[in-house]
Amino acid sequence: MAAINASTPPNLVFAVNGVRFELCELDPSTTLLDFLRTHTRFKSVKLGCGEGGCGACVVLISKHDPVLDQVIEFTASSCLTLLYSIHGCSITTSEGLGNSKEGFHPIHERFAGFHATQCGFCTPGMCVSLFEALVNAEKANRPDPPSGFSKVTVTEAEKAISGNLCRCTGYRSIADACKSFAADADMEDLGLNSFWKMGERKDVKLSRLPQYDHNHKNKTFPMFLKNAIKPDVFLFSKRQSWYNPTTLEELKTLLLKINQDGGTQVKLVVGNTGMGYYRDIEDFDMHIDLSGISELSNIRKDASGVEIGAAVTISKAIEALKREGKSGFLEEFEMIFDKIADHMSKIASGFIRNTASVGGNLVMAQKNNFPSDMATILLAVDAVVHIWTGGHFEWLSLEEFLERPPLSLGSVLLSVKIPRWGSIKNASSERRSKFFFETFRAAPRPLGNALPYLSAAFLTEVSPCNDSVGTRIDFCRLSFGTYGTKHAIRVKMVEELLVGKLLDVGILYEAVTLLQDTVVAENETSRAAYRSSLAAGFLYEFFNSFIDCSAEIFNRSFHGYSCSSFARASEMKEKQMLVHDDKFPTLLSSGKQVLQLGSEYSPIGEPVMKSGAALQASGEAVFVDDIPSPTNCLHGAFIYSTKPLARVKSIKMKSGLQMDRVSSILSRQDIPESGENIGSMTIFDTEPLFADGITRCVGERLAVVVADTQKLADIAAKTAVVDYEYEDLQSPILSVEEAVQRSSLFEVPPFLYPQHVGELSKGMAQADHKILSARIKLGSQYYFYMETQTALAVPDEDNCMVVYSSSQCPEFMHSTIARCLGVPEHNVRVITRRVGGGFGGKAIKSIPVATTCALAAKKLNRPVRMYLNRKTDMMMAGGRHPMKITYSVGFKNNGKITALELEILIDAGIYTDISPIMPHNIVGALKKYDWGALSFDMKVCKTNRPSRSAMRGPGDVQGSFIAEAVIEHVASTLSMDVDLVRSINLHTYKSLSVFYEGSSGELVEYTLPSIWNKLAVSATYDQRTKMVKEFNKINIWKKRGISRVPIVHPVSQRPTPGKVSILRDGSIVVEVGGIELGQGLWTKVKQMAAFALSAIQCDDIGNLVDKVRVVQSDTLNMIQGGFTSGSTTSESSCEAVRLCCNVLVERLRPLKENLQKEMGSIKWETLIFQANLQAVNLSASSFYVPGITSMNYLNYGAAVSEVEINLLTGATTVLQTDILYDCGQSLNPAVDLGQIEGAFVQGLGFFMLEEYETNPDGLVLADGTWNYKIPTIDTIPKKFNVEILNSGHHKERILSSKASGEPPLLLASSVHCATRAAIKEARKQLLSWSNSDDSDFLTFQLEVPATMPVVKQLCGLENVERYLKWKLRNK
């Protein structure tokens, strides 16, 4: 490296995992993630979203503070952190904590041992997030923990990963791995793991945990960085530069010069986290880093208040405010600080708050109308801002600042100041007025990492009335924000109404009514009425406390007292009487797992640790995008349609881009003459790779841009201009009703269309009651695999192509690529090692990406890879099938259903994909109840929307939900307990055999009735139902519901290949057609190989599991691999392997017997060595084809879920879920447990959280982590109990095992049904306030997903006003 001197531009110096890097030329817009993934060997940091919203790219940044002479360590999102901002810093990734060569870190070992990884894509980021919590806990002034533990608390450990997303595990196992480091952890609460057995003593458990030494000095900061001096400027080129001013004067000089010169594109940065929301498209000429300016980085306090520099990070502001809250300020001021800090801790996630600045947040609110929580809460305390503009300084109120025109480049926010409110009080000690401050936030996730629907902050001074009982409002500041306006506002008319008034119900009603007319979202804001309703609820919640509790407010000492501690006067007495409220711990999660371990087929049936789990945790497991780019590799990005039906006239690239680095734009015209325009194929049909001149849906591929880097390709594709025309084209079909009207339907092969059951007319005639033409609508769901679609194609000799892909069906991909390129299939090789989450989305939808790479690679004769950005992936994915259902049902007085008739319109989108299987799957799950007679008319509709594809439980989840909706409707109509109606309509074995002819199995296999009854006992269902009723009687603004739901889920096995080879040293290599998606297929296969080969009974053979390696899928080595889907691929692959092993054992047995006679005993290694000498064939292949009697079978399970809803916000908290699931004899209980929990939580997302919204043309609006919310650790059940039922022997099953991948997802409808029950109680309460007995009001449909706005609307958007009216009437 060149030395730094006067004639040489200064170099960027930093370290990664102790390795020194010194760079002199790099694009200033390069992110840390880009650099790590393209310029280093460290690939544990993953690109999951590019928005700072998933945590897959989290790293630990260590920097030396010369003032304190200590190393500061914090996590950051490397996808947003600009590389030039880390000069002098040390970066630690997960493989820097530990790895397979130097030894794994205890974090890695515990994640593996607690079975806390499935696909493993998100795991390294989780490990780093937890590591930061441990590191910083050790610096805390706390007592030393016992040996093996950290100073971290269980709450801190769980919250450490609250910003990290996982789509596979369901989080419970991750939480246990994290909690295991906390000294205050309850060892009994820690779930299934590979370290100890259930029931062992605590000291034994502790001794078996991988030991963590809290005194160990973490080597995250190499000393050679300690004296690194940050230079004033880095020059990348004559045009691009990065400046590091250290004083305000330097910044002013720089900005004045820029304004004088003109034309320079400048970006001011601190943490660059704003790029996660506002993506950069254009290149900037100059970046100016404000983080080193001392005047902007300090926090100052004096008698007038606290001033926070604009470059101070949100995390540091929180820390300082909490510290100031413990200082000597007045109590009111202390309370304000604490509340502001608490609210700030819900902004974004920890690894964003660590680098995001306070000033940056406020500037985004001022310039870009960013929905800022911070602006809202600071507005309520009359914060002021200090800005430099036009060459002079000025102080403005925050309100003035927000209302000004957007800041120009010549203006800089310097600081924000929170005034000292206590100073305005009357100095007289006799005065009894008090200040109260509270903030409110309604967001999809309790712990943050989600923009709120509305935020609010209220500051008020109250005093007791001298001449009557009550509370007078002397002063108040009421602010609202993030609800769909340009910026946060104060509701001054409401403030004026309240000030000086003696607060009573009438005044509060007036205030709420006035507020509803004031807090109104702007046009086109979603859920506008809901947001206004939230404002009313928050205002009521705050001020209602002062009406009935005035004496307590003024007579109790103030210290430690906040609005929330005595708030909600109507609930103060209730809190003394809460039913089993303390049953749910303050932790985010807890649970127990009950399972029976099998020993008959050891190691089958044992909870063996997942294969490669520690490698996944350390980040050494290789995914497709981790494969180093070959020489001259190019990168591709799709240009897709934004119109549902249009003729594409032209595609033009935006001028000004680095077009010399854009190699080509390919479309259908570039497909070889001998090839086909084919992008994917199924047994039903094909889909084109590119539109044929007419685009037929939004998201359809029009072309691919191929450029030198993925970033450049993405920008070029995003800025491409597509010219459309519509002449002579019909209007697009955008609804299923239109599709039916215009006969736009896909044909369903007769063998896939299900059979009706019984006679509908006869069943309806038997009914005492009928519900006619009721309607349900079900929306879509996005896969949200953590690894987006990706592939790498490398041209090979003799016109061959090698493609590395993340795919669930390499076989179909192989054939598609060959057809597109016009080459024989033996010229194509598709390799898949592992998939970073699939859920069906990496099946058919993965094929066009790989095919495009192969086409571009062939055309340009260079390697080409693609890694779809999250937005493009979401635009093109299609997702779960939406549908509309109309049903009529007949039933008896006792709730027994006699007939069900259904009309289902399924939106398949524009191409067939797998949609013809949907009717079969829907009815399969729907038949879980005895409907008497069942008739249906299902149409698979072809619309001008993206084609839908399989998603975990395709059709099954919708069918099961439809069944529950019908049951709920019947129970409501009869005013019967819905659980009783469910019980009455469960199948007898006789009716099961009629509805599931050919797959019902023997009577002993029908375990659902026993599961149903056993779960009622283990989950204390009857007792909890009574307790829920008691809770609802005494609580006004919270209601609970509980529900028990069964499932019957049919699955089918498919033919599957396998191959087992024994190498010279006795190690074993296995190949199977199934793909490892995180479902533990490799682990089960290893166990099966070890079990089957152990039949040779060598001496000291021990456990062969460690001798087995399962290798990646290669479509030329293993043909006919088929699909990895439908939950049965693991067991089918296991059976294929067992068949291979049986052949090998038979080949080895004669030799073993002969050697045994000669030697007396024979070891495995000796046997294999001799087999090689005697030319025994030690490789065997098989093709498992299930028999007619074993191909189809039923899975059974049931779940009880209890929820609590907040009637003011619509928020739903899942208090407890108990699952009992029949796995037969589990091949691996740990793997199956993870599948059950993960599937349930993914179903929870579908039923409660995930809105995959589109505009009327079908353009996806939920296009990233900002607006698509999958479950997080704070939204899963607080108590999550799972029992795996060992239901004995099933002679037609593979070693008596049953599937676990998809069926448990259907059980999540129990949460939805429990929510419906809670809403019903809220609606009963509404009726009581209106003195009405309208029973029809208690029959309603709860939408899917039942998001906060949906729940709130059904509970009454005006429930606060109605309650206050009722109170006024009953004074």
Side-chain angles (χ1 to χ4, degrees), residues 52 80 248 251 267-278 288-291 293 295-300 305-318 320-321 336-337 339-341 343-348 352-389 393-419 439 441 448 451-452 455-457 459 477 479-483 485-490:
L80 302 178
L248 184 56
L251 176 64
K267 182 174 185 178
L268 304 181
V269 297
V270 177
N272 198 48
T273 53
M275 193 180 75
Y277 195 78
Y278 301 106
I288 302 177
D289 186 354
L290 306 181
S291 62
I293 300 175
E295 294 93 330
L296 274 61
S297 305
N298 294 328
I299 298 175
R300 294 173 288 273
V306 174
E307 186 178 355
I308 301 171
V312 171
T313 66
I314 298 175
S315 289
K316 285 187 177 178
I318 293 170
L321 289 171
I336 290 173
F337 275 135
K339 294 292 182 180
I340 292 174
H343 194 109
M344 281 185 173
S345 68
K346 295 181 176 64
I347 296 173
I352 295 296
R353 294 191 296 268
N354 289 340
T355 55
S357 65
V358 172
N361 186 289
L362 294 176
V363 168
M364 285 199 305
Q366 201 270 347
K367 291 181 67 173
N368 307 110
N369 305 136
F370 176 73
S372 166
D373 277 85
M374 196 173 302
T376 305
I377 57 177
L378 294 181
L379 187 62
V381 294
D382 273 2
V384 293
V385 297
H386 194 201
I387 66 172
W388 180 77
T389 181
F393 297 95
E394 61 179 320
W395 285 95
L396 298 171
S397 71
L398 180 58
E399 189 173 20
E400 292 175 307
F401 175 71
L402 293 172
E403 290 174 352
R404 274 198 173 187
L407 287 182
S408 64
L409 178 60
S411 301
V412 179
L413 174 64
L414 306 177
S415 64
V416 59
K417 185 169 185 177
I418 305 171
T439 72
R441 192 175 198 270
L451 289 176
S455 57
L459 176 67
R477 291 284 186 272
S479 67
F480 294 89
T482 70
Y483 63 90
T485 53
K486 289 182 179 179
H487 54 74
I489 65 164
R490 271 180 49 200

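As the structure is a computational prediction, the values presented were derived from the model and not from experiment. We're numbering straight along the sequence, starting at 1.
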So do the side chains of Leu379 and Phe480 get within less than 4.5 Å of each other, counting heavy atoms only? no
Separation between CZ (Phe401) and CD (Glu394), nearest 0.5 Å, reads 10.5 Å
Taking it one step at a time, do Val306 and Ile299 satisfy side chain to side chain contact (heavy atoms under 4.5 Å, CB included)? CA-CA 7 Å; Val306 174; Ile299 298 175; 4.0 Å; yes
Quick one: list whatever passes side chain to side chain donor-acceptor pair (under 3.5 Å) with Asn272, sequence neighbours left out. Lys267
Checking Ser291 now: which residues fulfil side chain to side chain donor-acceptor pair (under 3.5 Å) with it, not counting sequence neighbours? Asp289
Would you kindly say whether Ser479 and Thr376 are connected by a side-chain donor-acceptor distance under 3.5 Å? no
Could you check whether any side-chain heavy atom of Pro452 comes within less than 4.5 Å of a side-chain heavy atom of Asp373, counting everything from C-beta outward? yes
In the structure I gave you, are the side-chain heavy atoms of Ile387 and Val412 within less than 4.5 Å of one another anywhere? no
Could you tell me which non-hydrogen atom of Asn354 sits nearest to which non-hydrogen atom of Ser315, and how far apart they are? OD1-OG, 2.7 Å
Under 4.5 Å between any side-chain heavy atoms of Ile377 and Lys339, yes or no? no
Any side-chain heavy atom of Leu451 sitting closer than 4.5 Å to one from Thr482? no
Apply salt bridge (charged side-chain N to carboxylate O under 4.0 Å, His left out) to Arg490 and Glu403, showing your working. CA-CA 12 Å; Arg490 271 180 49 200; Glu403 290 174 352; over 6 Å; no
Going by heavy atoms in the side chains, are Thr389 and Leu407 under 4.5 Å from each other? no
Any idea which heavy atoms bring Ala383 and Val416 closest together, and the distance? CB-CG2, 4.0 Å
Who passes side chain to side chain contact (heavy atoms under 4.5 Å, CB included) against Lys316, sequence neighbours left out? Val312, Thr313
Which residues pass the side chain to side chain contact (heavy atoms under 4.5 Å, CB included) test with Ile489, not counting sequence neighbours? Tyr483, His487, Val491
Partner residues of Glu400 under the salt bridge (charged side-chain N to carboxylate O under 4.0 Å, His left out) criterion, sequence neighbours left out: none
Let me see the working for Leu459 and Ile336 under side chain to side chain contact (heavy atoms under 4.5 Å, CB included), right down to the final yes or no. CA-CA 9 Å; Leu459 176 67; Ile336 290 173; 3.9 Å; yes
Inter-residue atom distance Met374.CE - Ser455.OG, 0.5 Å rounding: 11.0 Å
Listed partners of Ser345 passing side chain to side chain contact (heavy atoms under 4.5 Å, CB included), at least two apart: Ile318
Pair Val384-Leu396, side chain to side chain contact (heavy atoms under 4.5 Å, CB included): steps then yes or no: CA-CA 6 Å; Val384 293; Leu396 298 171; over 6 Å; no
Are Met344 and Leu321 packed together at the side-chain level, in the sense that at least one heavy-atom pair is separated by less than 4.5 angstrom? yes
Can you run down the side chain to side chain donor-acceptor pair (under 3.5 Å) pairs that involve residues 356-366, sequence neighbours left out, and say none if there aren't any? Asn361-Ser372
Straight-line distance of Asn298 CG to Ile308 CD1, nearest 0.5 Å: 12.0 Å
If the condition is salt bridge (charged side-chain N to carboxylate O under 4.0 Å, His left out), which residues does Lys346 pass it with, not counting sequence neighbours? none
Drop me the distance from Ser415's OG to Trp395's CH2, to the nearest 0.5 angstrom. 4.0 Å
For Arg353, all residues meeting salt bridge (charged side-chain N to carboxylate O under 4.0 Å, His left out), sequence neighbours excluded: none
Nearest heavy-atom contact between Thr273 and Ala356 is OG1-CB, 3.3 Å
Ring pair (Phe, Tyr, Trp, His ring centres under 6.0 Å) involving Tyr277 - partner list, sequence neighbours excluded: Phe370, Trp1266
Using 0.5 Å steps for rounding, measure from the CD atom of Glu307 to the NE2 atom of His386. 7.5 Å
Can you list everything that forms a side chain to side chain contact (heavy atoms under 4.5 Å, CB included) with Asn368? Sequence neighbours excluded, please. Tyr278, Met364
Please round to the nearest 0.5 Å and tell me the distance separating atom CG of Leu398 and atom CG of Leu362. 6.0 Å
The criterion is ring pair (Phe, Tyr, Trp, His ring centres under 6.0 Å); which residues satisfy it with His343, sequence neighbours excluded? none
Do you know which two heavy atoms are closest between Asn369 and Lys486, and how far apart they sit? ND2-O, 3.1 Å
Leu290: which of Leu413, Val270, Leu248, Leu414 passes side-chain contact (heavy atoms from CB on, under 4.5 Å): Val270
